[in-house]
Colleague: 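One structure, pasted below without further comment.
Chain naming here is simple, since letters A, B, ... match the order of the sequence lines and numbering starts at 1 in each. Atom set for the values below is all heavy atoms of this structure, side chains included, hydrogens, waters and symmetry mates excluded.
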Amino acid sequence: MSQEAGHGHYYVPAPSTYPITGSIALLFMGFGAAFSVNRLPLGYGLLTIGFAILFYMIFVWFRTVARESESGKFNKQVDTSFRWGMSWFIFSEVMFFAAFFGALFYMRVYSIPWLSDLEHKILWPDFTGIWPTAGPGITEKFMPMGPWGLPAINTLILLTSGVTVTWAHWALKLNKRGQLKLGLFLTFALGFLFVGLQAYEYGHAYSDLNLKLTTGAYGASFFMLTGFHGFHVTLGSIMLLVIYCRVLAGHFTPENHFGFEGVAWYWHFVDVVWLGLFIFVYWLI
Amino acid sequence: MAAVHDHDVGHAHDHHPSGMMRWMMTTNHKDIGSMYLWFSFIMFLTGGVMALTIRAELFQPGIQIVQPEFFNQLTTMHGLVMVFGAIMPAFVGFANWQIPMMIGAPDMAFARMNNWSFWLLPPAALLLTASFFVPGGAPAGGWTIYPPLSVQMGMGMDMAIFALHIMGASSIMGSINIITTILNMRAPGMTLMKMPLFVWTWLITAYLLVMVMPVLAGAVTMLLTDRNFGTNFFNAAGGGDPVMFQHIFWFFGHPEVYIMILPAFGIVSEIIPTFARKPLFGYSSMVYATASIAILSCIVWAHHMFTAGMPVTGQLFFMYATMLIAIPTGVKVFNWTATMWRGSMTFETPMLFAIGFIFLFTVGGFSGVICAIVPIDIQVQDTYYVIAHFHYVLVSGALFGIFGGAYYWLPKWTGHMYDETLGKWHFWLSMFFFNLTFFVQHFLGLAGMPRRIPDYALQFADFNMISSIGAFGFGFTQLLFLYVVLKCIRGGVKAPASPWEGAKTLEWTLPSPAPYHSFETPPVVR
């Protein structure tokens, strides 16, 4: 199947069906999503098929990479490639969140003050433009999400998980497998706990605070930012779970464990994004 | 540049899938590069047919061929298809073919992901073009898909949004691959400041792509939720602002135009020294100029929005920042000219396209500086002057760069020389018809003809007729290019390892056609 290619011993994988499988998945998902948001028949079916193919593809692709790694096909240079690749991927994720943070800042600094200035008094005489707001045209009452309840606990949870993942990393480097397993277990458990609490908080927002996705600028920025963040925490937790399973299967050595490190980097990234969220979405309102 | 291994192609990959499966499963940078290039050409013809339909409608005043609604779909889709389907994939195709060969690497850093980057494009293209056939038709709000229009349109817009997501993922994966390849796979001795300029321009382009494609993904995601899930990002009643979309979009969009021109700068910087038989003048200043253009491109976006409403201080900042870009760009134009100065020049087709590029791109650059001046921009925005401006940088800039690069490297790719006579015909016909099409549009724009409208006042009739004739001439000329390429692939004079005596980069030390695995043992660069 795969071979140790002669060229400078850089590992070039053999022809593979995974990419085309992933593309077929995205074809289904693209049409499925377009159909379902327009409430056409077949939409959810196509979407489900697409996701199923995608999950299958991700599973076999990553399994292959893990096997290639464990069979010693990756040399130092390949390891460096992975490090560059993961760093740039995280940079692209930072820019994705930057778009939504940019939208939040733009609305708070520009559009809402403009909508409440003197010129606009004629259109919306009662609009004061005080954040948090659902905008001048949405009069439904809502309560903002305060920072010092669940969000503060969630901050503590994520920061603690950053500590446990670092502890696990040190354990791996010192070849203390027991501590490694415990540290990893705590990390993804805290991650899933975070996601669970976020889900509870969303329920609280919808049922008690009347705070919804449709609650104007505040609701849109609140749910889109925390939603995409929660999605990333979910992905990160699943990635940590996979690493945990690989540790149980005896993968990784004190010298060679970029799979672990890449996921740890990703975990710190979602951690930092959360700090931004806590400050600008929850706290400074 | 020594020690090129003599290859034994058979041993590396023991069993290759054949037929269609070879292309779907390949992890080879040359196969993937070829697929990118062919995909790009197909999309180029698709977008070209839309352009010709537009020009056919504009041949005379009045509504003759298409309805206004469909006309708007055509202008929108022409832009989206050409930007995301034709120009960008073509440059990624060049990157795939050339970067490993130019830095002495065996392949791209992530060969399997490389294949996925390509194969994401056909589903995205399918999604995008299929929007013509759904109720409401294709997106019709312009390629910039501004709200509130884009929030109100039918499901074609949702399809375009998802297509953009997929193409963005493809670009990000491709760019991460290119950056990693360049940073980590260079042959021993190939320091950063010894890299060919094409590699440098792609390194910087890929950086821009990784930075701005996620921002576009964010922008269209907000559009999607505004359309379907009741958010109010671009709705003033909810505290949002339609103009905010323009800010986010152009934060992507302006670096995007440099993404489409920097690799062309790189190609021209390879061609000119080869055919002037002199080393590139001011190599390091070229590198710094490219980097400066990239940095400046991130702080000029709002010059696309001078009439959308912004404080005067904002207009002044974006005006001066934009004009600043003329300095590093001027450095490049002067360096190319200085490279040719007292060179022992010959004018093969790649050189013709490179020189055509310098002339016409400079015209487009100047009209860009003119557009950057706020009071003038307020006059010419949304007129044919802007159309003329960006076609001078995108057609005679980016596309001429692509053609020049294709002729330059075809002997290396196919092992045959292309037909020089037909190549020259392709250049001169393209040059003539391009100017016939777009030069007159400057006058139309200055006289006030608005863009994206299928009908126009009678006084614009003559120039529009000239422009349409030019457009059809230009369109059919490109079939000549297809013929030259096919002819070159099928046969022709056998190309030596280095058919251009002035070419100095690493790929010319390999035999022509280049072996399946470029450098099995890394060459040592002095």
Colleague: For chain A, which candidate among Leu127(B), Thr231(B), Val215(B) shows the most heavy-atom pairs at distances under 4.5 Å?
Modeller: Leu127(B)
Colleague: Among the options Phe118(B), Phe245(B), Phe110(B), Tyr207(B), pick out the one with the most heavy-atom pairs lying under 4.5 Å from chain A.
Modeller: Phe110(B)
Colleague: Sort out for me which of Met155(B), Met173(B), Arg112(B), Met159(B) touches chain A most, counting heavy-atom pairs under 4.5 Å.
Modeller: Arg112(B)
Colleague: Under 4.5 Å, counting heavy-atom pairs only, tell me which of Thr26(B), Asn184(B), Asp158(B) racks up the most with chain A.
Modeller: Asn184(B)
Colleague: What distance separates Thr215(A) OG1 from Leu209(A) CG, expressed to the nearest 0.5 Å?
Modeller: 10.0 Å
Colleague: Is His165(B) in contact with chain A via its backbone, its side chain, both, or neither, using a 4.5 Å heavy-atom distance?
Modeller: neither
Colleague: Can you tell me which of Tyr106(A), Trp84(A), Phe96(A), Phe228(A) forms the most heavy-atom pairs within a distance under 4.5 Å of chain B?
Modeller: Tyr106(A)
Colleague: Please classify the contact between Leu213(A) and chain B as side chain, backbone, both or neither, with a heavy-atom cut-off of under 4.5 Å.
Modeller: both
Colleague: With a 3.5 Å cut-off and no angle check, do the side chains of His229(A) and Trp274(A) form a donor-acceptor pair?
Modeller: no
Colleague: For chain A, find which of Thr221(B), Leu224(B), Val134(B), Ile172(B) contributes the most heavy-atom pairs closer than 4.5 angstrom.
Modeller: Thr221(B)
Colleague: So which residue, Thr133(A), Thr80(A), Asn38(A), ends up with the most heavy-atom pairs under 4.5 Å with chain B?
Modeller: Asn38(A)
Colleague: So which part of Leu40(A) gets closer than 4.5 Å to some heavy atom of chain B, the side chain, the backbone, both or neither?
Modeller: side chain
Colleague: One pair to check against side chain to side chain donor-acceptor pair (under 3.5 Å): Glu93(A) and Tyr266(A). What are the steps and the verdict?
Modeller: CA-CA 10 Å; Glu93(A) 292 272 49; Tyr266(A) 192 80; 3.3 Å; yes
Colleague: Is it the side chain or the backbone of Ala130(B) that comes within 4.5 Å of chain A heavy atoms, both, or neither?
Modeller: side chain
Colleague: Checking side chain to side chain donor-acceptor pair (under 3.5 Å) for the pair Tyr18(A)/Thr64(A): CA distance, chi angles, key distance, verdict?
Modeller: CA-CA 10 Å; Tyr18(A) 308 151; Thr64(A) 306; 2.7 Å; yes
Colleague: Taking the side chain as everything from C-beta on, heavy atoms only, tell me whether Ser518(B) gets closer than 4.5 Å to Pro106(B).
Modeller: no
Colleague: Given heavy-atom pairs under 4.5 angstrom as the criterion, report whether the side chain, backbone, both or neither of Thr139(A) touches chain B.
Modeller: neither
Colleague: For Met86(A), is it the side chain, the backbone, both or neither that has a heavy atom under 4.5 Å from a heavy atom of chain B?
Modeller: neither
Colleague: Looking at CE of Met143(A) and CG of Leu211(A), how far apart are the two atoms once the value is rounded to the nearest 0.5 Å?
Modeller: 10.5 Å
Colleague: Chain A heavy atoms under 4.5 Å from Ile179(B): which part of the residue, side chain, backbone, both or neither?
Modeller: side chain
Colleague: For chain A, find which of Gly218(B), Ala169(B), Ala219(B), Ser170(B) contributes the most heavy-atom pairs closer than 4.5 angstrom.
Modeller: Gly218(B)
Colleague: Is it the case that the side chains of Tyr10(A) and Ser81(A) hold a donor-acceptor pair, with the cut-off being a distance below 3.5 Å and no angle test?
Modeller: yes
Colleague: Taking every non-hydrogen pair under 4.5 Å, which of Ser23(A), Ala34(A), Gly22(A) racks up the most with chain B?
Modeller: Ser23(A)
Colleague: Any idea which heavy atoms bring Gly104(B) and Pro523(B) closest together, and the distance?
Modeller: O-CD, 3.6 Å
Colleague: Relative to the ring of Tyr202(A), is the ring of Phe223(A) parallel (under 30°), tilted (30 to 60°) or perpendicular (over 60°)?
Modeller: perpendicular
Colleague: Under 4.5 Å between any side-chain heavy atoms of Leu121(B) and Tyr36(B), yes or no?
Modeller: yes
Colleague: Non-hydrogen atoms of chain A under 4.5 Å away: do they reach the side chain of Thr225(B), the backbone, both or neither?
Modeller: side chain
Colleague: Given heavy-atom pairs under 4.5 angstrom as the criterion, report whether the side chain, backbone, both or neither of Ile248(B) touches chain A.
Modeller: side chain
Colleague: Need one label for Phe251(B): side chain, backbone, both or neither, based on atoms under 4.5 Å from any heavy atom in chain A.
Modeller: side chain
Colleague: Checking Met185(B) against chain A: side chain, backbone, both or neither under 4.5 Å from a heavy atom?
Modeller: both
Colleague: Please classify the contact of Ala134(A) with chain B as side chain, backbone, both or neither, using a heavy-atom distance under 4.5 Å.
Modeller: backbone
Colleague: Using heavy-atom distances under 4.5 Å, tell me whether Leu126(B) contacts chain A through its side chain, its backbone, both, or neither.
Modeller: both
